[in-house]
Asks: 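Just passing along the structure, written as structure tokens.
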Amino acid sequence: MSTSATTVPDAGTPHAGAAPTRRRIAAQASFETRAILRNGEQILVTILLPLFLLVGLDRVHAVELDTSGATRIDFLTPGVLAVAVMSTAFTSQAIATAFDRRNGVLRLLATTPLGRGGLLAGKVLGVLAVEVVQAVVLVVAALVLGWHPQASGIPLAIVAALLGTAAFTSLALLVAGTLRAEGVLAVANLLLVVLIVAGGVLVPPAHLASGWGHVAALLPSGALGDAMRGALLDGSVPVGPVVVLLVWTVVLGWATRRWFRWQ
């Protein structure tokens, strides 16, 4: 009488039946992207707000802008693209992560084969995917309005957007991982409005009141706005804004690693 052999999983290879890491992260990124794009409030912040700023400020000349010789749409578009990065990487991500944390989703996913690293990677990739959608919508709208970007600066603008994404995603995770969800909802929306109005993103820090202009230039919003304008208006990115974004990313990343709470 024969007996069939029973395969015993190797204790040294946890989650042996789990999908490969890349597939798990890709699935999480897809979920994060769809969650943002299917949420009406998130669409308002990530797509409609930047689009409204682009069209409104270009067409409504009651708001005077010192464009330094550039056309109004050429001057506005880089800053609006920077706002789009901020709205997704910071506001949208902070709110989504905070409520996931409150509802126990973060703690649950952290114990699955996806793990904490995979979860964070999926969130970052989800942010980048939404930013691609934003860029397509805003670029098409800007081109229709007569935008003529500096072609040689487009790769630099992409690099600047990635640096801004890193800084603002780090800020989003820090806020989402330390405050209550309701507090994050208020802080994230309020801070976005403040940075748009006075953070040097739509109006260059150099055009703000002298004292505040120096402060705005050291904020991630001002640095991102200046980097995007430099790339798409002049075809070059000043070193200063790049350094500011890198410093914010390192500091906020360290703070997130130190104080982020999963529950």
Side-chain angles (χ1 to χ4, degrees), residues 27-53 80 82-112 114-131 133-134 164-202 215-216 219-222 224 248-249 251-263:
Q28 183 63 29
S30 176
F31 171 79
E32 298 283 347
T33 304
R34 286 183 281 109
I36 294 174
L37 295 179
R38 288 178 178 176
N39 186 297
E41 182 181 344
Q42 300 283 37
I43 288 292
L44 176 64
V45 172
T46 58
I47 304 292
L48 297 183
L49 174 61
L51 188 59
F52 172 78
L53 289 172
V80 172
V83 169
V85 170
M86 291 163 49
S87 68
T88 298
F90 173 58
T91 306
S92 179
Q93 190 57 236
I95 294 171
T97 303
F99 279 92
D100 282 349
R101 173 172 164 252
R102 187 192 70 174
N103 295 331
V105 175
L106 291 187
R107 180 178 59 181
L108 175 63
L109 289 177
T111 61
T112 67
L114 180 66
R116 294 183 177 185
L119 175 59
L120 294 178
K123 285 185 171 294
V124 171
L125 290 176
V127 167
L128 292 175
V130 174
E131 287 179 356
V133 175
Q134 288 177 300
T165 298
F168 279 102
T169 301
S170 298
L171 177 59
L173 293 176
L174 176 61
V175 171
T178 54
L179 301 179
R180 294 182 61 178
E182 294 77 10
V184 172
L185 183 62
V187 168
N189 283 308
L190 178 61
L191 189 55
L192 178 65
V193 172
V194 171
L195 291 178
I196 289 174
V197 173
V201 59
L202 284 177
V215 175
L219 296 176
S221 55
L224 178 58
W248 275 105
T249 299
V251 172
L252 292 170
W254 173 84
T256 300
R257 187 178 182 87
R258 174 67 177 79
W259 286 298
F260 187 91
R261 298 194 304 270
W262 290 84
Q263 56 184 338

Asks: Are L49 and L44 side-chain neighbours, meaning at least one heavy-atom pair lies under 4.5 Å?
Replies: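 When only atoms from C-beta onward are counted, L44 and L49 do not touch, as no gap falls below 4.5 Å.
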Asks: Shortest non-hydrogen contact from P50 to S87?
Replies: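 Heavy atoms only, the tightest pair is CG-OG, 4.3 Å.
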Asks: With rounding to the nearest 0.5 Å, note down the distance linking CG in L195 to OG1 in T91.
Replies: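 That separation rounds to 8.5 Å.
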Asks: Indicate the ring-plane relationship of F90 and F168, choosing parallel, tilted or perpendicular according to the 30° and 60° boundaries.
Replies: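 Plane angle between 30° and 60°, so tilted.
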Asks: When rounded to the nearest 0.5 angstrom, what is the spacing between CG in L185 and CG in L190?
Replies: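 Answer rounded to 0.5 Å: 11.0 Å.
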Asks: Does the side chain of L191 reach to within under 4.5 Å of the side chain of V175, using non-hydrogen atoms?
Replies: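 Not in contact.
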Asks: Go through the steps to decide whether I47 and Q134 satisfy the test side-chain contact (heavy atoms from CB on, under 4.5 Å), and finish with yes or no.
Replies: CA-CA 6 Å; I47 304 292; Q134 288 177 300; 3.6 Å; yes
Asks: Go through it in stages, so that I can follow the logic: the residues are N189 and I95, the test is side-chain contact (heavy atoms from CB on, under 4.5 Å), and I'd like the CA-CA distance, side-chain angles, deciding distance and then a yes or no.
Replies: CA-CA 9 Å; N189 283 308; I95 294 171; 3.9 Å; yes
Asks: I'd like to know if the side chain of T169 reaches the main chain of A166, judged simply by a donor and an acceptor atom lying under 3.5 Å from each other, with no hydrogens or angles considered.
Replies: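 Side chain of T169 to backbone of A166: no pair is present.
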Asks: Any idea which heavy atoms bring A188 and A94 closest together, and the distance?
Replies: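 Smallest interatomic distance, heavy atoms only, reads CB-CB, 4.3 Å.
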Asks: CZ/R116 to OG1/T111 distance, rounded to the nearest 0.5 angstrom?
Replies: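 Nearest 0.5 Å value for the CZ-OG1 distance: 9.5 Å.
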Asks: Could you note down all residue pairs passing side chain to side chain donor-acceptor pair (under 3.5 Å) where residues 28-39 supplies at least one of them, sequence neighbours left out?
Replies: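 For residues 28-39, and leaving out neighbouring residues, the side chain to side chain donor-acceptor pair (under 3.5 Å) pairs sorted by first residue read Q28-E32, S30-R34, E32-K123.
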Asks: Decide side-chain contact (heavy atoms from CB on, under 4.5 Å) for W262 and L119; before the verdict, give the C-alpha distance in whole Å, the side-chain angles of both, and the deciding distance to 0.1 Å.
Replies: CA-CA 11 Å; W262 290 84; L119 175 59; 3.5 Å; yes
Asks: Count the heavy atoms of every other residue, nucleotide or ligand shown that sit under 6.0 Å from CD of E41, and state whether that count exceeds 12.
Replies: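 Result for CD/E41: open.
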Asks: How close do A89 and E131 get, counting heavy atoms only, and between which atoms?
Replies: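 Shortest heavy-atom contact: CB-OE2, 3.9 Å.
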Asks: Before giving the answer on side-chain hydrogen bond (donor to acceptor under 3.5 Å, both in side chains), spell out for S92 and Q42 the whole-Å C-alpha distance, their side-chain angles and the decisive distance to 0.1 Å.
Replies: CA-CA 6 Å; S92 179; Q42 300 283 37; 3.1 Å; yes
Asks: Looking only at non-hydrogen atoms, find the nearest pair between G253 and S170 and report the distance.
Replies: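 Answer, listing the atom of G253 first, then S170: N-CB, 3.9 Å.
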Asks: Supply the atom-to-atom distance L37 CG to T88 OG1, rounded to the nearest 0.5 angstrom.
Replies: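 Taking CG in L37 and OG1 in T88, the distance rounds to 8.5 Å.
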Asks: Does any part of the side chain of V201, heavy atoms only, come nearer than 4.5 Å to the side chain of L219, both counted from C-beta?
Replies: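 No. Closest side-chain heavy atoms not under 4.5 Å.
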Asks: Quick check: do L120 and F260 have side-chain heavy atoms less than 4.5 Å from each other?
Replies: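 The answer is no, as the side chains (C-beta and beyond) never meet within the 4.5 Å cut-off.
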Asks: When you measure from the side chain of R180 to the backbone of R102, do you find a donor-acceptor pair of N or O atoms at a distance under 3.5 Å?
Replies: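 Side chain of R180 to backbone of R102, a donor-acceptor pair under 3.5 Å: no, none is there.
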Asks: Applying side-chain contact (heavy atoms from CB on, under 4.5 Å), run through W248 and L224 and close with a yes or a no.
Replies: CA-CA 11 Å; W248 275 105; L224 178 58; over 6 Å; no
Asks: Say whether, by atom type as modelled, one donor and one acceptor occur between the side chain of S221 and the main chain of G199 under 3.5 angstrom.
Replies: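 Present.
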Asks: Report the residue from L173, V251, L171 that forms a side chain to side chain contact (heavy atoms under 4.5 Å, CB included) with T256.
Replies: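 When L173, V251, L171 are each tested with T256, the side chain to side chain contact (heavy atoms under 4.5 Å, CB included) holds only for L173.
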